[in-house]
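This report concerns only the one structure given below.
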Amino acid sequence: MADQQTPASSGRRLTLRQRQRASRGMQYAVLIAVAVLLAALADWSAIQQSFLNLDVAKEGLPELFTVALRNTVIYTVSGFVLGFAFGLVLALMRLSRVAPYRWLSAIYIEIFRGLPILVVFLMIISVPLAFPGFELPGGVYGQAALGLGMVSAAYMAENFRAGIQAVPKGQMEAARSLGMPHGRAMVSIVIPQAIRIVVPPLTNQLVALLKDSSLVLILGVTATQVELAKFGNDQSSTFANPTPLLVTGLTYLLITIPLGYAARRMEARQGASR
């Protein structure tokens, strides 16, 4: 009798794939139930009045784009350009045969990768205390570019170093066999290939800089220098309504989501080409 029951009982056992499907189905059911419960408990009229108030949202136009978004882009791009140039120099110093260059680069990278950007901005504000009368060109724009650039350079330097090391050594050897000096071969052959390799992580760094630009407010911006986060917070305080904060968040997402998608696509293409 036991032998006759064994095939029947084994036939009723679920396969691994069936158990996985059943588990996913239960998870989906729980998520749907939670969503339905939250929708039933929410006060939609209060949500519309507090977070989706179109009248309040319209009060921030067109300054949301002509002032806040414009300044955010300026802070981000200027910091990225400075970080790109300085980060490349740091990467070359890190790979140099001259020991002091390697030491200086390593110390800088470790320090500025470990410091919060808010602390860096506070240090920049305090520079005139050590150098009376010193002012950075561009005022707040120059301070923002310097702070964002100093921090991003530390991260980009490591990206560039990895990209340069990923370029096959045969590229440099072939250039040197043709009589090309080391410096020219590095600038003309190795560095362009390294930059193409590190474009995806550099894109992610651009997204991080865009978000870090919200800390520029610590520098003491005026009404014409505000970036998105400061603008949204001021508007929210003025109208005692969080709708401007939601609009600001959506504006950030309009930039960060396409950039993140582009970075993933480039990473996938590079992975497929290898």
Side-chain angles (χ1 to χ4, degrees), residues 72-117 120 144-213 252-274:
T72 297
V73 171
I74 292 174
Y75 297 142
T76 303
V77 172
S78 60
F80 183 84
V81 170
L82 181 60
F84 185 99
F86 191 30
L88 184 57
V89 173
L90 288 171
L92 295 175
M93 291 174 63
R94 191 73 183 271
L95 296 171
S96 174
R97 296 179 181 178
V98 182
Y101 288 166
R102 295 198 304 271
W103 300 337
L104 289 173
S105 176
I107 292 172
Y108 181 95
I109 291 171
E110 291 302 321
I111 290 176
F112 282 91
R113 288 180 67 184
L115 286 176
I117 196 167
V120 176
L146 180 61
L148 294 172
M150 290 174 67
V151 174
S152 62
Y155 290 94
M156 290 190 197
E158 290 297 273
N159 292 330
F160 284 131
R161 181 171 67 89
I164 292 172
Q165 292 177 329
V167 176
K169 294 182 179 179
Q171 298 286 329
M172 175 62 76
E173 293 173 354
R176 295 303 302 274
S177 66
L178 295 174
M180 188 177 295
H182 182 274
R184 182 179 175 186
M186 180 66 72
V187 172
S188 302
I189 296 177
V190 177
I191 291 179
Q193 294 185 64
I195 291 175
R196 285 196 293 270
I197 293 173
V198 300
V199 164
L202 289 183
T203 305
N204 291 328
Q205 182 62 36
L206 181 62
V207 173
L209 274 180
L210 179 72
K211 293 182 290 185
D212 288 340
S213 66
Y252 274 113
L253 292 177
L254 287 175
I255 304 174
T256 57
I257 289 179
L259 286 175
Y261 176 76
R264 291 191 297 271
R265 287 294 302 272
M266 287 184 287
E267 288 176 350
R269 289 181 180 178
Q270 287 187 357
S273 63
R274 293 174 183 173

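These figures come from a predicted structure and were not determined experimentally.
- Residues Tyr108 and Met150 share a closest heavy-atom pair of OH-O, 2.9 Å.
- Applying the salt bridge (charged side-chain N to carboxylate O under 4.0 Å, His left out) test to pairs two or more places apart or on separate chains, none has a residue in residues 170-180.
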Let me check something: any side-chain donor-acceptor pairs from residues 184-201 under 3.5 Å, sequence neighbours excluded? List them with distances.
unit_1, atom_1, unit_2, atom_2, d
Ser188, OG, Arg184, O, 3.1
Gln193, NE2, Gln171, OE1, 3.2
Gln193, NE2, Ile189, O, 3.1

Under 3.5 Å, which donor-acceptor pairs link side chains of residues 72-94 to any protein atom two or more places apart or in another chain?
unit_1, atom_1, unit_2, atom_2, d
Thr72, OG1, Ala68, O, 2.9
Thr72, OG1, Leu228, N, 3.0
Tyr75, OH, Gln225, O, 2.6
Thr76, OG1, Thr72, O, 2.7
Ser78, OG, Ile74, O, 2.7
Ser78, OG, Tyr75, O, 3.1
Arg94, NH1, Glu158, OE2, 3.1

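- A heavy-atom distance below 4.5 Å is not found between the side chains of Val151 and Leu115.
- Rounding to the nearest 0.5 angstrom, the gap separating the CD1 atom in Ile164 from the CG atom in Asn159 is 11.0 Å.
- Between the CG atom of Leu104 and the CD1 atom of Ile109 there is a distance of 11.0 Å, given to the nearest 0.5 Å.
- A distance-only check finds no donor-acceptor pair linking the side chain of Tyr252 to the backbone of Lys211 [under 3.5 Å].
- No side-chain donor-acceptor contact under 3.5 Å links Ser105 to the backbone of Tyr101.
- The distance from atom CG of Leu259 to atom CG of Leu253, rounded to the nearest 0.5 Å, is 11.5 Å.
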For a side chain to side chain contact (heavy atoms under 4.5 Å, CB included) check, start with the C-alpha distance between Val207 and Leu210, then their side-chain angles and the critical distance, and finish with the verdict.
CA-CA 5 Å; Val207 173; Leu210 179 72; 5.6 Å; no
